[in-house]
Amino acid sequence: MARILTTAMQTAISAKEGYADVWLIEITTSATVLRWATNASNVSWNYQWTGVGGIIEFAAPSETSDPSGQSMRMSLSGVDQTIIAQVLTANVRGRRCRLYWGQINLSTGLIISDPVEVFSGLMNSVWEISEVPSDTSSRGTVTVSTTIVSEMARYLFRRLLRTNTNSLRLMQARGDITPASADTFFQTLPDITGKPVYWGRQGAQANPA
């Protein structure tokens, strides 16, 4: 996707000193929006971003013309353990995640407008969390990682619906399909499991019989 740098961003990038990279992650959950920054302290850009004091590692997003093939593997290393609690308690599966790259003024601590959106997609993969405890020679660290996929990808893959007789009838009732009780598909399914099912013209004979 096309990315445009503002004049302020171009100035910060071209400067030899006084500015540093900052990565911003925005995760939508069922109850709120989590906003993290790799800065050591909280920063403000449109919203308040919580500084996690870690680094972000990610595989370069696929710059293909097919949006279904776009995905990005992302890891947060050295983050505070409170991030683990937020990941474990928030319902994020299938919700949006945005990753921004920007510049921060080291003397003022202000984000240069406007950070560039590097990738936007859905969190349909699992979160992996690993922890290395601290010892006398090194400090501990926590790493959380996941894969963000293009929103178009969910429309190009088959998704299954597992149900039973009761849930099927409730679904039919919500869709004003009556009489819902007349559908006995799931009641007869066990009897036809493993048996051939034929479909075709009337009078056709199966081969083999």
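Residue indices begin at 1 and follow the sequence shown. These values consider heavy atoms only, across backbone and side chains, with no hydrogens, waters or symmetry-generated copies.
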For residues Thr28 and Arg95, report the shortest heavy-atom separation together with the two atoms involved. O-CB, 3.2 Å

Within the structure provided, determine whether [X] and [Y] are in side-chain contact (heavy-atom separation under 4.5 Å).
| X | Y | value |
| --- | --- | --- |
| Leu99 | Met72 | yes |
| Asp114 | Met9 | no |
| Ile13 | Leu5 | yes |
| Ser145 | Met74 | no |
| Ile129 | Thr143 | no |

Taking only residues two or more places apart in sequence or in another chain, which ones pass side-chain contact (heavy atoms from CB on, under 4.5 Å) with Ser125? Thr146, Thr147

Partner set under side-chain contact (heavy atoms from CB on, under 4.5 Å) for Ala15, not counting sequence neighbours: Tyr19

Could you list the donor-acceptor pairs under 3.5 angstrom formed by side chains in residues 29-37, with sequence neighbours left out?
| from | atom 1 | to | atom 2 | distance (Å) |
| --- | --- | --- | --- | --- |
| Thr29 | OG1 | Ala31 | N | 3.2 |
| Thr29 | OG1 | Thr32 | N | 2.9 |
| Thr29 | OG1 | Thr32 | O | 2.8 |
| Ser30 | OG | Asn91 | ND2 | 3.3 |
| Arg35 | NE | Glu26 | OE2 | 3.1 |
| Arg35 | NH2 | Glu26 | OE2 | 3.4 |
| Trp36 | NE1 | Gln86 | OE1 | 3.1 |

Only counting residues at least two apart or in another chain, list the ones meeting side-chain hydrogen bond (donor to acceptor under 3.5 Å, both in side chains) with Ser14. none

Test your reading of the model: is there a side-chain donor-acceptor pair from Asn39 to the backbone of Gly51, 3.5 Å cut-off? no

Donor-acceptor pair, Thr6 side chain versus Ser113 backbone, under 3.5 Å? yes

Per the salt bridge (Lys or Arg N to Asp or Glu O under 4.0 Å) rule, what does the pair list look like for residues 7-16, sequence neighbours excluded? none

Could you identify which residues cluster with Val43, counting Ile, Leu, Val, Met, Phe, Trp and Tyr as linked when any side-chain heavy atoms lie under 4.5 Å apart, either directly or through a chain of such contacts? Val22, Leu24, Trp45, Tyr47, Trp49, Tyr100, Ile104, Leu106, Ile111

